[in-house]
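Written below as structure tokens is the structure these notes are about.
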Amino acid sequence: MSGRAQGTGRRAWAAGFTLIEILIAVLILALGLLGLGAVFPVVIRQQRIGVEATYGVMAANSAQALLTGTDLNSGLANPATHNLWREWRDNPPLSQAAFDHGQWFIPATDNVTNATELGRPGTVSAFWLPVRARLYPYDPANGEPPELVWDVAVHRVVDDDNLLVPRGFNPFTNDTLQVAVFVRRIDPRIRVPANTTLLQVIADNTLSANKRRRPVAVDLLAGLPTLSGEGNYGTPRTVTVQFDYVPNDPTRRDRDRLLVQTPNAALWALVRQVGQRLVDNLGNVYTVVGSAEQGSNRVVKVDPPVPAYVNGPSAPTITEVVFTPQVPAAVHLFKIKPKAVP
């Protein structure tokens, strides 16, 4: 009887776990949980990026619908004889030489009202687009705060009209304008005072100046993003670039690199951000995937590569890119054909 009891005790002891085994199991479980915990921020970040990208596309489509489907000329001084887009094309805001090469013009945005002046500045064809029209989603009725804001840059599509000038043809009367829409996330650290909403803080001009904020702001000195809505409005920027491509030179045949020609360290910091979106003067969109400083040269690596029809310094050539201080959620391009003179 006692022998059976002793045998049962030995079998019970043999079927259990030692303290060392338990500690090892706990350690393995802890390592697994740590690994799982490291995955969560990545998943949340990717989910946020995906949501922003989806909202960005919707906001960009909304911007195109507004700019092409709304009679923006109704607010002009003389809409019967002036057309916002036609005046922009025929009397370009930039110098004629710059506009002929497709360089981008960026409308001014007021640092008090956050409204953007479309059309040719200071003329009867100028039109102030309120910031409320550039927010997404915008639905004050259900109280949801806006998440995104969009801005535009415009250029004339480069073509071969100048070849017809000797025959008396006006090279600008049939040209098309291209509009680039940049959609950005509203600064995440905007402080909303008590009894106000985010919408009021960025769109209600009746608030006192100390309560108003920019949807996307940069500091007053270097022009770097503040992420708090404090500072100047973060309008899109342009920077001179060069596509240094020489087919016969094996050291200069990289189609995925652009030379950034600026001595401004802050501007270089903005344009080189991984994920930054650049739109060149030919209307090609690139994503920055890396950067390097090679002596006095500053180079960004882009994806996709420069299209095959661009052959270095020969025409058509890349001379500049337009971008935003904050990495955008979406970039969308479309064309507008100005109406003929009535």
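Each residue takes its place number in the sequence, starting with 1.
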pair P325-R237: side-chain heavy atoms closer than 4.5 Å: yes
Parallel, tilted or perpendicular: ring planes of Y55 versus Y136, cut at 30 and 60 degrees: perpendicular
Partners meeting side-chain contact (heavy atoms from CB on, under 4.5 Å) with S291 (sequence neighbours left out): W268, R272, V300
Side chains of R134 and T116: donor-acceptor distance under 3.5 Å anywhere? yes
Contacts of type side-chain contact (heavy atoms from CB on, under 4.5 Å), residue V57, not counting sequence neighbours: N61
State whether D187 and R214 are salt-bridged, where the test is any N-O pair (Lys NZ or Arg NE/NH1/NH2 against Asp/Glu carboxylate O) under 4.0 Å. no
By side-chain hydrogen bond (donor to acceptor under 3.5 Å, both in side chains), Q261 pairs with (sequence neighbours left out) Q242
Please report the interatomic distance CD1(I106) to OG1(T238), rounded to the nearest 0.5 Å. 5.0 Å
For Y245, does the six-membered ring have the charged nitrogen or CZ of R255 within the cation-pi criterion, i.e. under 6.0 angstrom from the centroid and within 45° of the normal? yes
Might you point out which heavy atoms bring V260 and V271 nearest each other, and give the distance in Å? CG1-CG1, 4.1 Å
Flag side-chain contact, heavy atom, 4.5 Å: T226 against R213: no
Any heavy-atom pair between the side chains of L67 and L118 that's under 4.5 Å? yes
May I ask you to test the V241-L259 pair for a side-chain heavy-atom distance under 4.5 Å? no
Heavy atoms only: give me the nearest R184-P328 pair and the separation to one decimal. CG-CA, 4.0 Å
CG-CD distance between L278 and Q273, expressed to the nearest 0.5 angstrom: 10.0 Å
Are the side chains of Y233 and D151 in touch, meaning some heavy atoms are under 4.5 Å apart? yes
Hey, is D254 close enough to K301 for a salt bridge, meaning N to O under 4.0 Å? no
